[in-house]
Every structure is written in structure tokens, then in C-alpha cells.
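Structure first, commentary second.
Just so we're clear, the structure is a prediction, and the values are computed from it rather than from any experiment. Numbers here are sequence positions counted from 1.
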Amino acid sequence: MDEEYDVIVLGTGLKECIISGLLSVDGLKVLHMDKNDYYGGESTSLNLVQLWKRLRGTDKPAENLGASKEYNVDMIPKFMMANGALVRVLIHTKVTKYLNFKAVDGSFVYNKGKVYKVPATDVEALKSSLMGLFEKRRARKFFIYVQEFDEADPKTHHGMNLNTITAKQFIAKYELEDNTIDFIGHALALQTDDKYLEQPAIDFVKKVKLYAESLARFQAGSPYIYPMYGLGELPQGFARLSAVYGGTYMLNKPECKVEFDESGKAYGVTSEGETAKCKKVVCDPSYLTDKVKKVGKVSRAICIMSHPIPHTHDSHSAQVILPQKQLGRKSDMYLFCCSYSHNIAPKGKYIAFVLTEAETDNPEAELKPGVDLLGPVDEIFYETYDRYVPINDSAADNCFISASYDASTHFESTVQDVLAMYTKITGKAVDLSVDLSAASAGGEDEDQ
């Protein structure tokens with residue numbers, strides 16, 4: 001403990017483990033500590049007994065649910081876009097060799113009370129029952145533009161400067177109906193609200209294109225992949241990476257206290273009477289509560305079921321997005337479902353989550369539209385957690401604090417937070433220009 005480190009990372013949540021892995025690969029001397037005796041922090045995975053202890057206060061779950069050890073219930077359930085930033089980070093760091101992935105079966109959107117497969121290409125637009133005949137043709141033209149768009153080739157821009165026109169102005173050229181804009185913005189571009197409509201169109205087009213390219217990657221029913229045995233494997237994969245590059249890990253370190261000098265700069269961390277010195281501290285919000293502010297809370301229902309979500313073509317794993325306008329809300333609602341096919345539950349069992357940014361203090365009433373789509377459930381738990389963001393000046397105090405996880409069931413916003421933190425700490429960007437075909441060499445399971 002009396003050594004000096006470049007960076008001390010507090011907490012073994014997914015964001016902290018990715019940062020620690022990236023910094024170790026860069027050759028920095030990293031010490032990673034956690035007050036808990038397990039990996040994962042807020043993003044840990046629980047077996048059945050742990051789930052019951054946390055949410056029911058007893059360690060005796062119902063016997064008909066099967067063996068406790070066969071459950072891996074993610075507390076922050078999220079799918080990865082097959083061509084997205086997290087997969088690129090996994091390949092860049094070679095963490096893929098510690099993990100096996102399997103494609104997610106389905107990606108759906110809620111519209112006028114029903115669940116539909118999300119169309120992401122011109123071919124799918126023509127087949128989709130989400131739209132009428134004329135709207136399908138308009139949507140097809142939109143998707144063809146997106147598929148052919150290449151930022152480096154002006155010929156594919158069709159005279160439009162996507163850096164200067166807004167997403168709203170771009171979409172207006174295709175005369176798409178509000179319902180169509182709703183599902184494209186929220187279920188394909190994965191926007192969490194409608195602010196994107198007033199922002200430059202370039203980001204919106206790139207996000208829709210990423211969705212379509214990810215969908216094409218494995219020819220599965222969705223653009224998403226998910227690790228076998230759940231997301232608990234991810235923090236451990238990055239922890240292994242850090243250790244390979246000389247990172248030091250210490251779990252079960254009580255009362256990790258960040259030490260500051262007279263000028264307010266962090267210079268070390270004290271635990272059990274010993275202080276380890278460092279140049280920078282990285283942590284989750286729970287370690288520096290006076291440097292974060294609460295910005296909201298997430299309501300969620302965690303369900304154990306014996307069937308897939310109805311109307312999702314019997315998908316063993318699926319995401320359903322309920323856009324805010326469809327529910328008369330300010331924020332989207334998300335359904336996440338995974339099953340024994342990803343080894344996160346015993347045979348015949350499914351784990352489903354319903355999540356949203358809380359707008360009331362009554363999660364049961366608020367989550368009802370999503371829970372109603374699940375059909376009968378064996379068990380259901382309701383829970384809320386607060387969301388925090390850092391308010392400190394990291395240049396002034398050497399502290400780099402991650403934001404809490406949002407309600408979304410995909411990793412896009414999570415990874416952007418990690419990449420921004422990495423750039424703040426190192427002054428450079430992570431190289432994400434990797435050969436995506438390398439992922440299959442990392443034990444990726446493409447057997448659908």
C-alpha cells in the first residue's frame with residue numbers, strides 16, 4: 001500500500017474496470033480497490049439467493065425456481081451493439097479472449113399498444129406492418145440514403161450538409177409520419193428523448209447506420225450481442241486485462257478515503273490505516289459523494305418468468321423500446337429479456353427487466369405499461385436507484401468520477417461516458433479503428 005501509483009481506481013463497476021484496463025494497457029501503474037468483496041459494484045450479477053437477500057431480506061427463494069447458482073441476474077442489464085463502441089473497446093484491448101458472446105434474438109418497438117419488430121433496412125421497411133404502403137416507400141428511401149451514406153464521399157450526401165442541417169430538417173425531406181420518426185429516433189438511433197431533432201443530422205444518421213450495420217453483422221434478429229453467463233463476466237474480463245499489464249487489485253478494502261492536499265488535489269487513498277499515493281483518482285459516485293449531484297432516479301421491475309415476452313416471435317433474448325410519446329411520458333421505457341440460452345437462468349426460465357427514468361414515486365404504477373407486456377410472471381421485484389453525475393472540476397482536484405447508469409438497455413451512453421473519462425485522464429482518445437472481424441477470434445458464439 002505504501003507504493004506510489006499513476007492512478008488509483010475505486011470501485012469495480014463496469015465503467016471503472018474498463019478504465020482500469022485501458023490505462024494498464026497504456027503502461028500506467030494502476031491500483032484498483034473496492035470496498036465490496038465482489039466485482040461489479042452497481043453493475044454486478046446476482047445468483048438467486050443474493051437476489052432474494054437484496055430485495056426480499058431473506059436467503060430462501062422459492063424452490064420451484066431451480067438452483068440458485070444457475071442464475072446470473074444483471075443489476076444493470078444492457079445489450080451491446082455488435083459494431084458499437086464497447087465491442088470495439090473489447091477488441092482493442094483483446095478482452096474478447098476472456099468472453100463468449102451470442103447474438104440477441106430480437107429488437108422490438110412498442111407502437112399504438114402493440115409490439116413490432118424494428119425495421120432497420122430498406123428491405124425490412126417494405127415488409128414492416130408498422131407502416132402503411134405509402135409510408136413504407138418513404139421509409140425505404142430514408143433507409144437507402146442512410147445505408148449508402150459515407151462521410152468521406154460527398155457523392156453520397158445528395159447535396160445535404162448533415163453538419164449544418166438538423167435531424168428534423170433532414171427527416172422532413174422524406175415526409176415521414178410522426179410514428180415513423182418516433183421509432184427511428186428511439187428504437188434505431190437509440191435517442192433517449194427528442195432533443196436530437198434540433199441537433200446536427202450527422203450524429204443521427206451515423207447512429208441509424210450503426211444499427212443497420214450491427215444488424216447485418218450476424219444476420220440475427222437484432223443488432224445486439226450479449227455475453228454468455230451475463231454481464232458480470234465483463235468487469236472481470238477487464239480486471240484480468242489490467243492484472244496482465246501489471247495492475248494491482250484489492251477487494252474488501254473498507255472505508256477507502258480519498259486524501260486531498262491543501263490545494264484540494266487528490267494525492268492518495270487511505271484504507272485500514274495505510275495510504276497509497278497517486279497522481280489521479282478514478283471512482284464511482286459512492287466514493288466521493290460531495291463531488292456529485294443527484295439528477296434523477298431509475299425505476300425498475302425485475303421479473304422471473306417461464307416464457308419469452310409475448311409477440312416477440314418467441315425470442316429467448318430481446319429488447320423492446322417503448323418510446324415516450326407512446327406512453328405520454330417524458331422518457332422512454334425499456335424491456336430487457338434474456339434466458340437460459342445465454343446461461344443466466346436454469347432451463348425453461350427467463351429474466352426480464354422493465355426500466356425507465358422515474359417520473360413519479362410509484363414504480364409499480366409507472367412501470368405497468370411495460371410489465372403488462374410480459375404476460376404472467378413467476379416472481380416480480382420493484383426497486384429504484386438514484387442517478388448521480390459529477391460536478392467537480394477534474395483538472396483542479398485530480399478526481400475522475402463516472403456517472404450513474406441510466407435506464408437504457410443498451411451500452412451506447414455508458415461507453416460514451418467511459419471514453420470521455422479516458423480522454424480527460426490521458427488527454428487522448430481510445431483508438432476504436434479496429435478490425436471488427438477479429439471479434440469472432442475472441443470466442444464469439446455465432447451459432448444461432
So how far is it from Arg88 CZ to Leu419 CG, rounded to the nearest 0.5 Å?
11.5 Å
Note, Ile8 side chain near Val282 side chain (heavy atom, < 4.5 Å)
no
Among pairs that include at least one residue of residues 228-252, which meet salt bridge (Lys or Arg N to Asp or Glu O under 4.0 Å), considering only residues two or more places apart or in two chains?
none
Would you say the rings of Tyr224 and His410 are close, in the sense that their centroids are separated by under 6.0 Å?
no
Between Ile202 and Phe204, is there a side-chain heavy-atom distance shorter than 4.5 Å?
no
State, yes or no, whether a side-chain contact exists between Phe353 and Val73 at a heavy-atom distance under 4.5 Å.
yes
Which atom of Lys209 lies closest to which atom of Gln147, heavy atoms considered:
NZ-O, 2.8 Å
Between Glu412 and Lys207, is the closest basic N to carboxylate O distance under 4.0 Å?
no
Would you say Lys35 has more than 12 foreign heavy atoms packed within less than 6.0 Å of its NZ?
yes
Stepwise salt bridge (charged side-chain N to carboxylate O under 4.0 Å, His left out) test for Lys168 and Asp194
CA-CA 10 Å; Lys168 191 175 189 173; Asp194 283 341; over 6 Å; no
Closest non-hydrogen atoms of Ser24 and Gly247, given as atom of the first, atom of the second and distance, are OG-CA, 4.2 Å
What I'd like to find out is whether the side chain of Leu373 reaches to under 4.5 Å of the side chain of Leu322, using heavy atoms alone.
yes
Between Lys325 and Asp178, is there a salt bridge with N-O shorter than 4.0 Å?
no
Can you tell me if Thr275 and Glu259 form a side-chain donor-acceptor pair at under 3.5 Å?
no
Going by heavy atoms in the side chains, are Val418 and Ile19 under 4.5 Å from each other?
yes
Who are the ring-ring contact (aromatic ring centres under 6.0 Å, His included) partners of Tyr385, not counting sequence neighbours?
none
Sequence neighbours excluded, the answer for side chain to side chain donor-acceptor pair (under 3.5 Å) partners of Tyr229 is Asn343
Between Ser317 and Ala103, what is the shortest heavy-atom contact and its length?
OG-O, 4.1 Å
Taking the basic N atoms (NZ, or NE/NH1/NH2) and the acidic carboxylate oxygens, is any pair closer than 4.0 Å for Lys428 and Asp26?
yes
Closest heavy-atom pair, Leu215 versus Ala120, reported as atoms and distance to 0.1 Å, is CD2-CB, 3.7 Å
From Leu22 atom CG to Thr93 atom OG1, the distance as rounded to the nearest 0.5 Å:
6.5 Å
Would you call the rings of His316 and Tyr350 parallel, tilted or perpendicular, taking 30° and 60° as the class edges?
tilted
With a 6.0 Å cut-off on the ring centroids, do Tyr71 and Trp52 count as close?
no
Any heavy-atom pair between the side chains of Val244 and Tyr98 that's under 4.5 Å?
yes
Centre of Tyr5's six-membered ring, under 6.0 Å away, within 45 degrees of the axis: is that where NZ or CZ of Lys29 sits?
yes
Heavy-atom closest pair, residues Pro235 and Gly232:
CD-O, 3.4 Å
Mind running salt bridge (charged side-chain N to carboxylate O under 4.0 Å, His left out) on Lys277 and Glu3 for me, showing each step along the way?
CA-CA 7 Å; Lys277 292 192 171 162; Glu3 289 185 58; over 6 Å; no
Would you say Glu255 has more than 12 foreign heavy atoms packed within less than 6.0 Å of its CD?
no
For the pair Ser214 (side chain) and Asn83 (backbone), establish whether a donor and an acceptor sit closer than 3.5 Å, ignoring hydrogens and angles.
yes
Check whether more than 12 heavy atoms from other residues, nucleotides or ligands sit under 6.0 Å from atom CD of Glu42, and answer yes or no.
no
Rounded distance (nearest 0.5 Å) linking atom SG of Cys283 with atom CE of Met33
12.0 Å
Check whether any side-chain heavy atom of Phe238 lies under 4.5 Å from a side-chain heavy atom of Leu90, and answer yes or no.
yes
Charged N to carboxylate O under 4.0 angstrom, Glu366 versus Lys368?
no
For Asp361, I'd like to know if atom CG has over 12 heavy atoms of other residues, nucleotides or ligands within 6.0 Å.
no
Looking at Lys291 and Asp397, is any side-chain nitrogen of the basic one under 4.0 Å from a carboxylate oxygen of the acidic one?
yes
Separation between NZ (Lys15) and CZ (Phe411), nearest 0.5 Å, reads 10.0 Å
Salt-bridged, Lys330 to Asp193, with N to O below 4.0 Å?
no
Checking side-chain contact (heavy atoms from CB on, under 4.5 Å) for the pair Met75/Ile302: CA distance, chi angles, key distance, verdict?
CA-CA 9 Å; Met75 288 296 94; Ile302 305 168; 4.1 Å; yes
Phe79 and Phe336 aromatic ring geometry - parallel, tilted or perpendicular at 30°/60° bounds
parallel
Check the side chains of Asp74 and Ser45 for a donor-acceptor pair under 3.5 angstrom, ignoring hydrogens and angles.
yes
pair Pro119-Phe183: side-chain heavy atoms closer than 4.5 Å
yes
Exercise: identify the closest heavy-atom pair between Tyr249 and Ala243
CE1-N, 4.5 Å
Looking only at the side chains, is there a donor atom on one of Glu198 and Thr166 sitting less than 3.5 Å from an acceptor on the other?
no
Donor-acceptor pair, Ser339 side chain versus Lys349 backbone, under 3.5 Å?
no
side-chain contact (heavy atoms from CB on, under 4.5 Å) for Leu355 and Met333? Distances and angles first, verdict last.
CA-CA 6 Å; Leu355 306 103; Met333 194 172 289; over 6 Å; no
For the residue pair Asp34 / Thr12, report whether a side-chain donor-acceptor contact shorter than 3.5 Å exists.
yes
Under 3.5 Å, is there a donor-acceptor pair between the Ser331 and Glu359 side chains?
yes
Begin with the C-alpha distance, continue with both residues' side-chain angles, and end with the deciding distance and a verdict on salt bridge (charged side-chain N to carboxylate O under 4.0 Å, His left out) for Glu357 and Arg387.
CA-CA 9 Å; Glu357 182 69 20; Arg387 282 200 312 111; 2.8 Å; yes
Derivation of the salt bridge (charged side-chain N to carboxylate O under 4.0 Å, His left out) call for Lys206 and Glu213:
CA-CA 10 Å; Lys206 281 181 175 174; Glu213 287 172 348; over 6 Å; no
Short side-chain donor-acceptor distance under 3.5 Å, Thr360 and Asn362:
no
Can a salt bridge be assigned to the pair Asp386 and Lys297 using a cut-off of 4.0 Å between side-chain N and carboxylate O?
no
